[in-house]
S.K.: 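Quick one: the structure is below, questions incoming.
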Amino acid sequence: MNLLQHIKNKMAQQSKKQPLRRNAFNTISGLVRCYGLDDRFLQALDKAVDYLSEENLKLVRGRSKVMIEFPLFSLLTKEEYSLTMAIISKVGNPYLQFVQSPEEILLCKFLYSLNPALSPEQLRQYHFETLILHERASTDNMNT
């Protein structure tokens, strides 16, 4: 294959349509709008570690994940945009694009600290509380 043919093939592959994927911004902005989150949520985000004490987690049973279809593009007010960006900067990890509720946003940072190598399939399928319980059980079994 000559150079010209190689360049044409490469350009043809690059011009193929790629499906649009939701990113963390569209997911979080959808949750901000859907749940009517406000600045109080940022305060709750700061206290998320208190919510995750060992005693609280022992009482929690595994939860199923409810999937919400978010729009591919977000139209936000200035306040919603500011809140969305503040949440993204506070949490700041790749698990954020898989959240489906405000509770999962609160758990996102802690889950990432427990195991930063969870697969996208696990993050899509299981509620973050369930994943935290599993990670805690795994570390407890390793310690005994």
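Because only heavy atoms are used, hydrogens play no part in the values below, and waters and symmetry mates are left out as well, while side chains stay in. Remember, predicted model here, so these are calculated numbers, not experimental data.
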S.K.: Look up atom CG in Asp39 and atom CG in Leu45, then write down how far apart they are to the nearest 0.5 Å.
M.R.: 12.0 Å
S.K.: What pairs with Lys90 under salt bridge (charged side-chain N to carboxylate O under 4.0 Å, His left out), at least two apart in sequence or on another chain?
M.R.: Asp46
S.K.: Residues two or more places apart in sequence or in another chain: which of them pass salt bridge (charged side-chain N to carboxylate O under 4.0 Å, His left out) with Lys109?
M.R.: none
S.K.: Got a sec: does the OH of Tyr95 have more than 12 other heavy atoms crowding it under 6.0 Å?
M.R.: yes
S.K.: The criterion is ring-ring contact (aromatic ring centres under 6.0 Å, His included); which residues satisfy it with Phe98, sequence neighbours excluded?
M.R.: none
S.K.: Can you tell me how far apart NE2 (His134) and CD (Glu129) are? Round to the nearest 0.5 Å.
M.R.: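 If we round to the nearest 0.5 Å, His134:NE2 and Glu129:CD are 15.5 Å apart.
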S.K.: Just so I know, are the side chains of Leu111 and Leu123 near enough to count as touching, which here means a heavy-atom distance under 4.5 Å?
M.R.: yes
S.K.: Ignoring hydrogens, what is the shortest heavy-atom contact between Ser101 and His127? Give both atom names and the distance.
M.R.: OG-NE2, 4.1 Å
S.K.: Give the minimum heavy-atom separation between Pro94 and Tyr112, together with the two atoms involved.
M.R.: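 Taking Pro94 first and Tyr112 second, the nearest heavy atoms are CD-CE1, 3.7 Å.
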S.K.: Nearest 0.5 Å, please: how far is CD in Glu121 from CZ in Arg124?
M.R.: 6.0 Å
S.K.: Got a sec, which residues hit side chain to side chain contact (heavy atoms under 4.5 Å, CB included) with Leu75, two or more places apart in sequence or on another chain?
M.R.: none
S.K.: Would the distance check show the side chain of Gln122 and the main-chain N or O of Leu118 forming a donor-acceptor pair, the cut-off being under 3.5 Å?
M.R.: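 Not confirmed, Gln122 side chain does not pair with Leu118 backbone.
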S.K.: Got Glu80 and Arg33 here, is their nearest side-chain heavy-atom distance under 4.5 Å?
M.R.: yes
S.K.: Please examine the side chains of Val99 and Thr27, heavy atoms only from C-beta on, and report whether any two atoms are closer than 4.5 Å.
M.R.: yes
S.K.: Would you mind reporting whether Asn93 and Val91 have side-chain heavy atoms less than 4.5 Å apart?
M.R.: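 With C-beta onward as the side chain, the pair touches.
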S.K.: Who pairs with Glu69 by salt bridge (charged side-chain N to carboxylate O under 4.0 Å, His left out), at least two apart in sequence or on another chain?
M.R.: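 By the salt bridge (charged side-chain N to carboxylate O under 4.0 Å, His left out) rule, Glu69 matches Arg22.
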S.K.: Roughly how far apart are Ile88 CD1 and Ser29 OG, rounded to 0.5 Å?
M.R.: 7.5 Å
S.K.: Are the side chains of Leu106 and Phe128 in touch, meaning some heavy atoms are under 4.5 Å apart?
M.R.: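 No. Closest side-chain heavy atoms not under 4.5 Å.
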S.K.: Hey, does the side chain of Gln97 reach the backbone of Asn23 with a donor-acceptor pair shorter than 3.5 angstrom?
M.R.: no
S.K.: Between Glu135 and Asn115, is any side-chain donor less than 3.5 angstrom from a side-chain acceptor?
M.R.: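 Yes, a side-chain donor-acceptor pair sits under 3.5 Å.
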S.K.: Rounded to the nearest 0.5 Å, how far does NZ of Lys78 lie from OG of Ser82?
M.R.: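 The OG atom of Ser82 sits 6.5 Å away from the NZ atom of Lys78.
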S.K.: Can you name the residues that form a ring-ring contact (aromatic ring centres under 6.0 Å, His included) with Phe25, not counting sequence neighbours?
M.R.: Tyr81
S.K.: Quick one: pull up CD1 in Ile105 and CG in Leu37 and give me the separation to the nearest 0.5 Å.
M.R.: 6.0 Å
S.K.: Is there a side-chain contact (heavy atoms from CB on, under 4.5 Å) between Leu83 and Leu42 once you walk through the steps?
M.R.: CA-CA 8 Å; Leu83 180 60; Leu42 288 176; 3.6 Å; yes
